[in-house]
Number of protein chains: 2
Amino acid sequence: MAKYLDSRRRHPLLSHMTNNLDTFFGAMSDPTRRAVIERLVSGPAAVSELHAPHDIALPTFMRHLMVLEESGLVRSEKKGRVRTVHIEAAPLAAAESWLQKQRAMWEGRLDRLSLLAESIAKAEKG
Amino acid sequence: MAKYLDSRRRHPLLSHMTNNLDTFFGAMSDPTRRAVIERLVSGPAAVSELHAPHDIALPTFMRHLMVLEESGLVRSEKKGRVRTVHIEAAPLAAAESWLQKQRAMWEGRLDRLSLLAESIAKAEKG
DNA sequence: AAATAAGTTAGCTATATGGCTAAGTATCTT
DNA sequence: AAGATACTTAGCCATATAGCTAACTTATTT
């Protein structure tokens, strides 16, 4: 049995990415893995199907899947000789909300700065 | 002069993250670098100031800044002996929109996922 | 029962990444 | 002019990452 690709009993869904933006971003930093995610948003797929479009050896590809699964982005279960992989939406949402927060803060600062700029401009006029 | 930390004449700005989600996610996968970003959203800062809270050697820290700058997330300019670093918002927005797109595609359940993202954001605040 | 399909495990290689120290350069400050 | 500041460069080390081949284990098919 796949030592890594077995997600029963692990990660209660959210525990993973609340703190682990590390593993999330790490997982997403590889083009192959991002492609897998892009494929999986449109539905679950077997390992071999996911592998097909990528010109790398199967074991290499499997390791990418491991990374995705360990980061909580994906889950899989095996039935017969076929392992089916599906996406886990929560981490995507979590990362998005982190980015949103940062952007909001940045924009908030801009607003304050533009107000400051305005008041300075007025003061200079007067 | 800093061979890498010199962003005059470079600024990929937009060209960078349209294709290069790679470098973006790679840059964000390190906790030190994410901390720098979190610090920078509230305004520009000198290298030494950014370095202070991190318990790593300055040269090591500088390399993190390089990575951030090469990924387009950050820019810097030197005046006298002080190098000031500021955030570049576009890449954050680009990554966010990529995530949004994936999320939206995921089984087309945009509304449910937005709610999820919100609840995660709230949980993180609390 | 034999062959094929779909993973899985083991083990090797090369490059990237993150951390360090030591020493150098270019500004201020005194 | 001397010393302190604020990086910058160079170079070394350990671990992680991404890729490969070869061989193995279960299912399914034939």
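The sequence lines fix the lettering, A, B, ..., with proteins before strands; numbering per chain opens at 1. The figures here come from the full heavy-atom set of this structure, side chains too, leaving out hydrogens, waters and symmetry mates.
Taking only side-chain nitrogens and oxygens, Lys79(A) never comes nearer than 4.0 Å to OP1 or OP2 of dA6(C). Residue Lys78(A) places no side-chain N or O under 4.0 Å from the OP1 or OP2 atom of dA6(C). Contact annotation: Ser48(B) side-chain N/O to dC7(D) OP1/OP2 distance is under 4.0 Å. An OP1 or OP2 oxygen of dG18(C) is reached within less than 4.0 angstrom by no side-chain nitrogen or oxygen of Thr60(B). Checking the phosphate oxygens (OP1, OP2) of dT17(D), no side-chain nitrogen or oxygen of His64(A) falls inside 4.0 Å.
Scanning atom types as modelled, one donor and one acceptor separated by under 3.5 angstrom connect the side chain of Arg81(B) and the base of dT5(D). The base of dG18(C) is paired with the side chain of Arg63(B) by a donor and an acceptor separated by under 3.5 Å.
Between the CD atom of Glu49(B) and the P atom of dA6(D) there is a distance of 11 Å, rounded to whole Å. One interatomic measurement links the two molecules: NE2 of His54(A) to P of dG7(C), which rounds to 14 Å at whole-angstrom precision. Across the protein-nucleic acid pair, Asp22(B) atom CG and dT17(D) atom P stand 16 Å apart, rounded to whole Å. In this structure, CE of Met66(A) is placed 13 Å from P of dG19(D), rounded to the nearest angstrom. The nearest whole Å value for the distance from the CZ atom in Phe61(A) to the P atom in dT9(C) is 16 Å. In this structure, CG of Leu65(B) is placed 13 Å from P of dT9(D), rounded to the nearest angstrom. The interatomic distance linking Glu69(B) (CD) with dC7(D) (P) rounds to 13 Å, in whole Å. His51(A) places its NE2 atom 10 Å from the P atom of dG7(C), with the value rounded to the nearest Å.
At a threshold of 4.5 Å between non-hydrogen side-chain atoms, the residues Arg103(A) and Lys101(A) do not count as touching. The closest side-chain heavy-atom distance from Phe25(A) to Arg33(B) is not below 4.5 Å.
Residues Val41(A) and Leu21(B) share a single hydrophobic cluster, defined by chaining ILVMFWY side chains whose heavy atoms lie under 4.5 Å apart. Under the 4.5 Å side-chain heavy-atom criterion for grouping Ile, Leu, Val, Met, Phe, Trp and Tyr, Leu65(B) is connected to Trp106(A) within one hydrophobic cluster.
When distances run from any side-chain atom of Ile56(B) to the nucleotides dG19(C), dT8(D), dA10(C), the shortest one goes to dG19(C). Nearest nucleotide to the side chain of Ala46(B), out of dG19(D), dC7(D), dG7(C): dC7(D).
Nearest-nucleotide mapping onto DNA chain C: of Gly80(B) and Arg33(B), the residue sitting toward the 5' end is Arg33(B).
Minimum interatomic distance between Glu38(A) and Trp98(B) (heavy atoms only, all atoms of both residues): OE2-NE1, 3.1 Å.
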